[in-house]
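Written out below as structure tokens is the structure these notes cover.
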Amino acid sequence: MPAASSRSSGWRLTIKVVLLLVLIAVLAVGHLLHWDDQLRLYWREQSVGVEQRAASIWLPDYELALETTLPGLDRG
């Protein structure tokens with residue numbers, strides 16, 4: 001029965017290596033897409049009270065005024 005034991009341990013090693021590579025890939029992609037920064041910001045925002053969050057909204061009446069003309073987008 002040693003053949004079955006070595007075969008199952010080979011599969012276990014393969015599964016562990018694949019899981020490790022997937023974990024490394026997810027961490028690398030998360031770092032490139034700044035998921036860590038987004039999670040940190042989300043965590044900090046959860047600890048802020050409603051009144052402080054409402055007070056931090058600035059320029060509530062701001063409206064965009066487009067002061068340029070783009071070729072092909074002329075109104076006419």
Side-chain angles (χ1 to χ4, degrees):
M1 295 289 167
S5 176
S6 66
R7 192 178 311 149
S8 69
S9 66
W11 277 108
R12 286 183 187 150
L13 179 62
T14 303
I15 290 173
K16 287 179 183 179
V17 168
V18 168
L19 287 175
L20 179 64
L21 291 174
V22 167
L23 178 66
I24 290 171
V26 166
L27 289 174
V29 168
H31 181 71
L32 290 173
L33 295 177
H34 299 280
W35 289 344
D36 55 339
D37 295 331
Q38 293 175 10
L39 284 172
R40 192 176 306 119
L41 178 62
Y42 176 76
W43 183 262
R44 277 195 236 149
E45 285 179 346
Q46 295 306 310
S47 65
V48 174
V50 175
E51 54 277 344
Q52 186 178 0
R53 204 174 305 152
S56 69
I57 297 174
W58 55 282
L59 299 175
D61 296 328
Y62 179 79
E63 292 183 20
L64 177 65
L66 186 61
E67 296 180 2
T68 184
T69 57
L70 299 174
L73 296 177
D74 299 331
R75 292 184 182 176

Nearest-0.5 Å distance, CD1 of residue Ile15 to CG of residue Leu20: 13.5 Å
Side-chain touch Asp36/Arg40, heavy atoms, less than 4.5 angstrom: yes
Heavy-atom side-chain contact between Leu41 and Asp37 under 4.5 Å: no
Leu32 reachable from Ile24 in the ILVMFWY side-chain graph, under 4.5 Å edges: no
How close do [X] and [Y] get, counting heavy atoms only, and between which atoms?
{"X": "Leu33", "Y": "Gln38", "result": "O-NE2, 3.8 Å"}
{"X": "Val48", "Y": "Arg44", "result": "CG2-O, 3.5 Å"}
{"X": "Val29", "Y": "Trp35", "result": "CG1-CH2, 4.0 Å"}

Gln46 CD: over 12 foreign heavy atoms closer than 6.0 Å: yes
